Amino acid sequence: MRGVEPGQSYDEVKLILGCTDSTTRIEDAGTYLRANLYGQTVRQVLLATDGRPCRDEEIPPLGKQLQSDRAGGTCRTIGMGDKRPFTEITDSTHVVFTGLQGEETAHAVFRDKTYQGDGRPPIESVRTALIEKYGEPARAYPERGNERLVWVYDTRGRRMSPSNPAFKRCDIEPSFERSQAWSSDCGVTIGARLVPAPDNPLLLATLHLGIMDEAGLYDGQQEMEAALRALQETQQAAEAARAAGAAVDIDL
């Protein structure tokens, strides 16, 4: 997806996204995992997006900033930390990592692409392009007026059969901003949501596309927490050794 895929390093992903024509802003986008970081700093999410910085008169009150306008044109700060909000956002990519700083590995990529006006493609063409790229989906169904497609692979990279006990657990929410779940029993899962234009359901307004190495993310989080715990213990032991060598008088 935009040249980014699970298994790449943080620096590789940043270089790829930074060289993409549609990227005008790339930044660390905060935390993603419910993980014990043991007081350490890690880079969990990288965000690349287009758009332009909002002018002062365009920035609404905080409550309105939190309303995500997928058609663009509204100043938004979602997923962008405390920096100046952007507007006219039509293309955003979030990449999720695990690992100690400098040793991160990507496990999931989410892209939201909005089409406007005469640039809106036929939904049928987009669906055909997705199937040509990923094959026939394992699941395809309507969802609140949108269309959802899901491709499921096992941990050995094979298309997963619906008879596999893990099949129903292997899913992905294509939008980064929605809640997510993953399982160590699932390999790569790909999901797409096709959102039709409100004035013409045959045309595409927004494409949400996500790809996740579920087992890789699960194992990566476990390994990262263990490494962070070991790092904290090493730092604590070194601090205690320095204190012991300082010959501090103990007044009992």
Side-chain angles (χ1 to χ4, degrees), residues 1-6 13 16-17 19-26 29 45-52 54 64-80 85-96 106 108-153 159 170-180 188-212:
M1 191 188 306
R2 301 185 73 186
V4 177
E5 57 187 31
V13 171
I16 292 169
L17 293 177
C19 294
T20 303
D21 290 341
S22 61
T23 297
T24 59
R25 181 178 187 175
I26 185 166
V45 183
L46 189 66
L47 166 66
T49 188
D50 63 357
R52 64 171 177 79
C54 293
K64 292 183 179 180
Q65 284 184 6
L66 299 179
Q67 296 176 6
S68 176
D69 176 11
R70 286 300 174 195
T74 296
C75 288
R76 295 189 283 123
T77 58
I78 291 177
M80 299 182 186
F86 262 38
T87 188
E88 299 174 6
I89 297 171
T90 64
D91 199 339
S92 295
T93 300
H94 291 82
V95 186
V96 178
V109 187
F110 301 90
R111 185 183 186 188
D112 295 336
K113 173 67 176 174
T114 298
Y115 300 88
Q116 302 180 37
D118 294 337
R120 297 178 299 183
I123 284 184
E124 181 63 33
S125 297
V126 177
R127 183 190 304 112
T128 298
L130 288 168
I131 292 174
E132 287 178 352
K133 183 171 183 178
Y134 299 116
E136 289 293 330
R139 296 190 288 272
Y141 52 91
E143 183 184 73
R144 297 189 296 274
N146 305 328
E147 182 176 358
R148 281 266 275 126
L149 306 174
V150 183
W151 295 262
V152 180
Y153 296 84
R159 291 290 296 266
C170 302
D171 200 357
I172 184 173
E173 172 49 60
S175 174
F176 175 81
E177 294 173 1
R178 297 198 181 190
S179 60
Q180 195 71 252
V188 171
T189 305
I190 302 169
R193 178 185 292 109
L194 285 69
V195 182
D199 58 341
N200 188 339
L202 301 180
L203 297 178
L204 183 70
T206 302
L207 173 64
H208 301 284
L209 186 61
I211 178 170
M212 175 184 287

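Residues take their numbers from the sequence shown, with the count starting at 1. The structure displayed is predicted, hence computed values, not measured ones.
The side-chain heavy atoms of Leu194 and Leu207, taken from C-beta on, include a pair separated by under 4.5 Å. Between Leu47 and Phe176, the closest side-chain pair of non-hydrogen atoms is not below 4.5 Å. The shortest distance between side-chain heavy atoms of His208 and Glu173 does not fall below 4.5 Å.
Arg159 is linked by a salt bridge (charged side-chain N to carboxylate O under 4.0 Å, His left out) to nothing, counting only residues two or more places apart in sequence or in another chain. Ala140 is linked by a side chain to side chain contact (heavy atoms under 4.5 Å, CB included) to Pro137, Leu149, counting only residues two or more places apart in sequence or in another chain. Considering only residues two or more places apart in sequence or on other chains, Glu5 meets the salt bridge (charged side-chain N to carboxylate O under 4.0 Å, His left out) condition with none of them. Every residue two or more places apart in sequence or in another chain that forms a side chain to side chain contact (heavy atoms under 4.5 Å, CB included) with Pro121 is listed here: Tyr115, Val126, Leu204. Applying the side chain to side chain contact (heavy atoms under 4.5 Å, CB included) criterion to Pro6, with sequence neighbours excluded, gives Ile211, Asp213.
Note on residues 196-205: pairs passing salt bridge (charged side-chain N to carboxylate O under 4.0 Å, His left out), not counting sequence neighbours, are Arg120-Asp199.
The distance from atom OG1 of Thr206 to atom CD of Gln116, rounded to the nearest 0.5 Å, is 9.0 Å.
A side chain to side chain contact (heavy atoms under 4.5 Å, CB included) with Val109 holds for exactly one of Val13, Leu209, Val95, Val96; it is Val95. Only one option out of Thr49, Thr114, Asp50 pairs with Ser92 in a side chain to side chain donor-acceptor pair (under 3.5 Å); it is Thr49.
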